[in-house]
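Read through the structure below, which is laid out as C-alpha cells, and then see the notes.
Values in this document were obtained by computation on a predicted structure and should not be read as measured data. Throughout, a chain's letter reflects where its sequence line sits, starting with A, and its residues are numbered from 1.
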Amino acid sequence: MRLAGALLAALALAATPALAAEQRTSLPDVEDEVMCVSCKVPLNVAESPQADAQREEIRRLVDRGLTKEEVKAQLVAEYGEDVLAEPEDDGLGAAYVVPIAIVLAMIAAAAFVVPRWRRAGGTPTTSAAGGPNVSDAELKRLDDDLARYD
Amino acid sequence: MRRTSVPLVVIVSLALVALLVYGVVGAADSTTLDDAVKADEKPPAPTRSLPALAGGEGSLADWRGKPVIVNFWASWCEPCKAEAPLLERAHTRLRQREGTVLGVTVSDASGDSREFMREHGISFPSLRDVDGELADDFETKGVPESFAVDRQGRVVAISRGQVQRDWVDRALRMVGA
C-alpha cells in the first residue's frame, strides 16, 4: 500500500512540469484570438501603433508566465469583451432565435397548408399518362363522334 | 409549375421576406436619443456607476444639478487627440459653474488612458467603461462622441464625432455654463 502511494506521488510530481509546459503560451498563440481594438481586425493581421501596443502588452503577460486564458482575461479586464475575436458564448440570443423561429413557423405553415390545398383540388386530376381524366360517358361520346367520320 | 408548388413558393417567399425584414431592422442603428434631442425632448442622460480612471467609482449621477459634457474617448483615437484642447477649455468653463467634462474611456488600457491624459494636459475626470454598457446606453457608434447634459440631467446636444468649437460653444450655452 505504501509502495503504491509512493508511486502515485512520484507520478504526480513527474506530471507537474509536463502540465506547466502545456499551459505556457506565446504571442502568436494569443494574437490570433484577440482583436486590435482600434482597427477592429484580428491582432495577428493588424498593423497600427495600437496593435503594436497590444502585442507588447501580451508579451509582457506571457513573460510573467500567464496561461493563454489568463492573458485573455487580463486583456478583457483592460479593453472589455470586444477584444476577443470570438466573444464569450451568451447562449442563444435573439439573433439566432428569431430566424430559427421564422423558419420553423414557415415549415409548420407549409405542413398545414399544402395537404389542405391538395385536398381542396389544388392539383388538377390527371390520367396515368399525364393527360386529362376522361369519364366513360365522355369516351363513348367521343367514339360516337369519331364513328360518324368513318 | 405544378399547382402543388404554389403554396410552398408563397410560404418560402414569405419566410425569406420575414428574414430580410428581421435582418434589416436588426442591423439598423438606434437613433432614439438623437431623435429625442432633435425634437427638443431633452431625454434623461443614462447614468451608470463605473470605475474611475483615478481610482474608486464614479457616475454622471454624481454631477446632478451641475452642467456636464460627457465625452467618450480612447488613447488610440486620433480625433480624440485633436479635440482634447477644446474639451480642456470647456472643462475650465464648466468648473466655474461647478460642472465638468466627464470623460469615459472605451476599449482602452488604463495605463494608456493615463498616459494620454498626461500627454495632452487633460485635467477632467474619466470613467472606464470596460464593458461598453454606458456607451451602449448613449447609443455610441465609436469614439469620440460627446453629449451635453444640463443641470436636470437631460441630454440637450450631441456630437457624433470630433467636437468643433461652435458645437462646444453652443453646448456650453445650452447647459448654462
Same cluster or not: are B/L172 and B/V149 linked, directly or through other Ile, Leu, Val, Met, Phe, Trp or Tyr residues, by side-chain heavy atoms under 4.5 angstrom apart? no
If you check every heavy atom in residues 32-51 of chain A against those of chain B, which residues fall under 4.5 Å? A/V37, A/S38, A/Q50
Any link between B/V104 and B/L33 through a network of hydrophobic side chains (Ile, Leu, Val, Met, Phe, Trp, Tyr) touching at under 4.5 Å? yes
Step through the shown structure and confirm whether more than 12 heavy atoms of other residues, nucleotides or ligands are within 6.0 Å of CG on A/D136. no
In terms of heavy-atom contacts, A/E78 and B/R128 come closest through O-NH2, 2.8 Å
Should A/Y79 and B/L134 be counted in the same cluster of Ile, Leu, Val, Met, Phe, Trp and Tyr side chains packed under 4.5 Å apart? yes
Which atoms of A/V113 are under 4.5 Å from chain B, going by heavy atoms: the side chain, the backbone, both sets, or neither? side chain
Flag if over 12 foreign heavy atoms under 6.0 Å of CZ, B/R151: yes
Greatest number of non-hydrogen atom pairs under 4.5 angstrom with chain A, of B/L19, B/D129, B/V106, B/L16, falls to B/L19
Would a single hydrophobic cluster contain both B/V156 and B/W167, if residues Ile, Leu, Val, Met, Phe, Trp and Tyr are joined by side-chain heavy-atom contacts under 4.5 Å? yes
Residues of residues 108-117 of chain B within contact distance of chain A, non-hydrogen under 4.5 Å: B/D108, B/A109, B/S110, B/D112
Spell out the residues in residues 50-78 of chain B that have some non-hydrogen atom less than 4.5 Å away from a non-hydrogen atom of chain A, in order of number; otherwise answer 'none'. B/W76
Considering all heavy atoms of both residues, which atom of B/V130 and which atom of A/A77 are nearest to each other, and what is their separation? CG1-O, 3.5 Å
Please say whether more than 12 non-hydrogen atoms of neighbouring residues, nucleotides or ligands are located less than 6.0 Å from CD in B/E98. no
Those residues that, when tested against B/F124, pass ring pair (Phe, Tyr, Trp, His ring centres under 6.0 Å) (two or more places apart): B/H91
A/L61-A/V30 co-clustered via ILVMFWY side chain contacts under 4.5 Å: yes
